[in-house]
Amino acid sequence: MKKIFFALVIIQSLYACNDSGSSSSSSSSSSSQKAEKDKKVSKRDYSITVANAYNNLFFDSMALENFIVEEKISDSISRRMRSFYNTRNYQYAWFAPDGLTEQARGFWNMHSYHVTYTNDTALKDKTLEKKMGGLIEDEFAVSSSDKSILKTELTLTQHFILFALNNIEDGYLKRKEMERFIPRRKEDPIMLADSLLNKKHKDNKYYEDVNENYKKLKAALGKYVEIQKA
């Protein structure tokens, strides 16, 4: 069971108008556009609470809205960030009470390697690099009232979404899948593994088709699940 859990953790860490016409036509167009945007934002999951959350650190949703305004986050990325945290009920993704999560460490290693060996200016952030450099090796107590930690949390999510959008071929990593890469609630490992292994896509595009390491980890996970079921 432990091997299945750790395999899941590793896999999850791999894982950034036409104004002409009548006013009624314009209103209809605007409503249609809003509906299309809303479809791309997951609903807030109020069923996630401190009692069943993977991590018991939460923050107020207005903190995200303030971050979006202060950092001038684009509409497309801000929608993704709202959607990401809606599915978590605004539970921290990258920090736990005792410091950085395993997913944070895994993503930051991948992020650092990518920034070092590519010319991806969208992910180059000296302030974040300095902050993470001081956190990555240490265990430390985290308070939900620490504004510096919360800003780092939100910046990491922004970079996670940017990384995924800019470096993975379009269509091979679904928004809802990406939102599940970071654990949200306490779940049975076998059920979670089954849902990951047996998920089918209508467009027949799968993340393992464009990420060889993920493909190998998923194959290993399948073997552990078979052993556990036997």
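The structure displayed is predicted, hence computed values, not measured ones.
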*Give a yes or no on whether Tyr206 and Val225 share a hydrophobic cluster (residues Ile, Leu, Val, Met, Phe, Trp, Tyr; joining criterion: side-chain heavy atoms under 4.5 Å apart).*
no
Salt-bridge contact [X]-[Y] (side-chain N to carboxylate O under 4.0 Å):
X      : Y      : value
Arg184 : Asp45  : no
Lys151 : Glu71  : yes
Arg88  : Glu179 : no
Asp203 : Lys174 : yes

*How many angstroms lie between CG in Leu57 and CD in Glu153, if you round to the nearest 0.5 Å?*
9.0 Å
*Drop me the distance from Leu154's CG to Phe59's CZ, to the nearest 0.5 angstrom.*
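Result: 5.0 Å between the selected atoms.
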Using modelled atom types and a 3.5 Å cut-off, is there a donor and acceptor pairing between side-chain atoms of [X] and backbone atoms of [Y]?
X      : Y      : result
Ser83  : Arg79  : no
Asn109 : Gly106 : no
Asn198 : Asp194 : yes

*Describe, in one word, how the ring planes of Tyr85 and Tyr90 are oriented to each other, choosing from parallel (under 30°), tilted (30 to 60°) and perpendicular (over 60°).*
parallel
*Aromatic ring pairing Trp94/Phe84, orientation class (parallel under 30°, perpendicular over 60°, tilted between)*: parallel
*Check Leu123 against His159 and note the closest heavy-atom contact, atom names and distance.*
O-CE1, 3.3 Å
*asked:* Tell me the closest heavy-atom pair linking Asn89 and Ile48, and the distance in Å.
replied: ND2-O, 2.9 Å
*Are a donor atom and an acceptor atom from the side chains of Lys176 and Thr87 found within less than 3.5 Å of each other?*
no
*Tell me the ring pair (Phe, Tyr, Trp, His ring centres under 6.0 Å) pairs involving residues 117-154, sequence neighbours left out?*
Tyr113-Tyr117
